[in-house]
Amino acid sequence: MANNALIGTLVEVQRRTALVSGDDGAEYHCQYSPTIDLKSFSNFAVGDRVEFISAGSQQEAMITAIQPRTSQISRPGPKDRLASELILAANVDALLVVTAVSRPEFNPRLVDRYLALAEIFSIKALICLNKIDLDSSIPKELDYLMGLGYPVVRVSAKAGLGMDDFMQALAGMSVVLSGPSGVGKSSLIRSLVPGALPRVNDVRKGDGKGRHTTTSSHLYRIGSGISIIDTPGIRELGIRGVTRGGLAELWRDFRPYLNSCRFRDCSHTGEPGCAIQQAVADGKIPDFRYQSFLRIQDDLEEAG
Ligand SMILES: Nc1nc2c(ncn2[C@@H]2O[C@H](COP(=O)(O)OP(=O)(O)OP(=O)(O)O)[C@@H](O)[C@H]2O)c(=O)[nH]1
Ligand SMILES: [Mg+2]
Ligand SMILES: [Zn+2]
């Protein structure tokens, strides 16, 4: 590392430039040094820790190196590109699975999908139940997931409820926002980052109401050592790169039963002597967990 190099975190990435939040507290507009070898990094991503040099101006700095990543969230790269994968976010501690009590209707199957993704990327998962101003009860499925060790924080981005608990649960962590459209991910950012205006697309719907869907990635540093990454790519992320046998391993509550099926290659979809189906029948595994597993297994088969 050059002795005049600074260190910082990439908060926004464009093709030719990037915005870096320096550890000195300042923001730098950077270009990329052409000497950086991207072979082992594939591409720059929000959350990357970088070394950069600045000749006195925050407007004209240059990134000279990427530091090794501790974790990453990625998807297969586009076919016309050389890299085999596209890194969506780097150095992520947890997936923040945002869901709402209603509007849109609480959907445990989608929550399970994101929990499985977190298991694939070997990062923690935290569940954020938003819109508790509309209904203060906790869906029974979330009670069950809490019992499996997935923390749940209840908030209302709109009414500003639960924000202290939220900050406490996320302290010191870098998290990636995930969850279906409309649950309030951008609203959460706006309530935590005064003046933040997440980049959005103005999708006009038939009813004339604007729908603002996040379109580019950004990392927000919000105090208490918390970074929140908003990246649109997360929504299209499929469950990939797992075998049928490997899929069941992603369901924490299935793991204790997996060695007890009669057939070693049991798909848990109808074989006799299936320990998973027995556990569902006995009420040890709730039906919604089994249904979300079946749904994703179907998707895997369709994708080949
Ligand atoms: N009642 C209530 N409404 C909320 C709350 N948080 C967000 N909303 C509303 O929910 C709608 C969707 O919020 P967004 O923040 O745009 O949702 P999003 O998750 O970012 O959606 P995408 O960007 O499409 O993925 C908006 O109309 C918000 O005003 C909340 O705590 N309570
Ligand atoms: Mg949004
Ligand atoms: Zn089985």
Side-chain angles (χ1 to χ4, degrees), residues 88 95-107 110-111 113-114 127-137 153-163 165-166 175-193 196-205 207-218 220 228-237 243-251 253-282 284-285 289-290 293-294 297:
L88 297 174
L95 197 64
L96 184 67
V97 183
V98 185
T99 178
V101 284
S102 66
R103 294 190 227 163
E105 191 184 348
F106 176 74
N107 185 339
L110 280 175
V111 173
R113 230 183 70 88
Y114 286 108
I127 300 168
C128 175
L129 181 67
N130 188 31
K131 309 200 186 189
I132 60 168
D133 55 302
L134 298 175
D135 182 348
S136 61
S137 62
V153 274
R154 302 161 64 236
V155 302
S156 166
K158 201 171 194 167
L161 300 170
M163 287 306 174
D165 290 348
F166 181 89
V175 303
V176 167
L177 273 178
S178 64
S181 190
V183 292
K185 299 179 294 297
S186 299
S187 304
L188 264 175
I189 299 272
R190 275 193 292 265
S191 78
L192 293 162
V193 188
L197 288 173
R199 298 278 164 82
V200 292
N201 237 355
D202 212 356
V203 184
R204 292 284 158 189
K205 269 193 173 164
D207 62 4
K209 279 194 189 148
R211 227 185 48 151
H212 300 273
T213 297
T214 306
T215 53
S216 78
S217 304
H218 195 100
Y220 300 89
I228 299 188
I229 296 170
D230 194 8
T231 177
I234 198 95
R235 204 170 308 135
E236 290 85 48
L237 265 191
T243 59
R244 285 163 109 230
L247 186 68
E249 296 275 353
L250 305 178
W251 271 248
D253 40 351
F254 287 18
R255 287 175 195 159
Y257 303 99
L258 291 176
N259 288 324
S260 310
C261 295
R262 184 178 306 163
F263 302 108
R264 274 190 66 187
D265 62 348
C266 184
S267 71
H268 322 299
T269 55
E271 291 93 336
C274 172
I276 296 292
Q277 284 179 286
Q278 191 58 51
V280 175
D282 294 345
K284 291 180 181 141
I285 293 174
R289 293 283 285 171
Y290 185 57
F293 167 77
L294 289 183
Q297 195 180 58

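Note that ligands are numbered from 1 as they come in the structure, with each ligand's atoms numbered from 1 the same way. Below, all heavy atoms of this structure are taken into account, side chains as well, without hydrogens, waters or symmetry copies. Residue numbers start at 1 and run along the sequence shown.
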Hey, does Leu177 have a side-chain heavy atom less than 4.5 Å from the side chain of Val175?
no
A side-chain contact here means heavy atoms from C-beta on lying under 4.5 Å apart; do Leu188 and Ile228 qualify?
no
State, to 0.1 Å, how close Leu134 and Ser102 come at their nearest heavy-atom pair, and which atoms those are.
CD1-OG, 3.6 Å
For residues Tyr290 and Thr269, report the shortest heavy-atom separation together with the two atoms involved.
OH-CA, 3.7 Å
List the steps, then state whether side chain to side chain contact (heavy atoms under 4.5 Å, CB included) holds for Val155 with Asp165.
CA-CA 8 Å; Val155 302; Asp165 290 348; over 6 Å; no
On a heavy-atom basis, I'd like to know which of Lys185, Arg190, Lys131 is closest to atom 9 (C) of ligand 1.
Lys131
Residue selection (non-hydrogen contact nearest atom 20 (O) of ligand 1) among Ser186, Gly179, Ser187:
Ser186
Under 3.5 Å between some N or O of ligand 1 and some N or O of [X]?
X      : value
Ala159 : no
Leu134 : no
Val155 : no

So, is Ser181 placed with an N/O/S atom under 2.8 Å from the Mg ion (ligand 2), counting both backbone and side chain?
no
Metal-centred angle, the Zn ion (ligand 3) as apex - SG of Cys266, SG of Cys261, 10° resolution:
110°
Three-point angle Cys274:SG, the Zn ion (ligand 3), His268:ND1, rounded to the nearest 10°:
110°
Pull out every atom of ligand 1 sitting under 4.0 Å from any heavy atom of Ser181, numbered as shown with elements.
21 (O), 22 (P), 24 (O), 25 (O)
So for Leu188 against ligand 1, with non-hydrogen atoms under 4.0 Å, the contacting part is neither
Could you go through residues 255-266 and list every donor-acceptor pair under 3.5 Å that involves a side-chain atom there, pairing it with any protein atom two or more places apart or in another chain?
| from | atom 1 | to | atom 2 | distance (Å) |
| --- | --- | --- | --- | --- |
| Arg255 | NE | Glu249 | O | 2.6 |
| Arg255 | NH2 | Glu119 | OE1 | 3.0 |
| Arg255 | NH2 | Glu249 | O | 3.0 |

Candidate pair Lys284 and Ile276, rule side chain to side chain contact (heavy atoms under 4.5 Å, CB included), full reasoning:
CA-CA 9 Å; Lys284 291 180 181 141; Ile276 296 292; over 6 Å; no
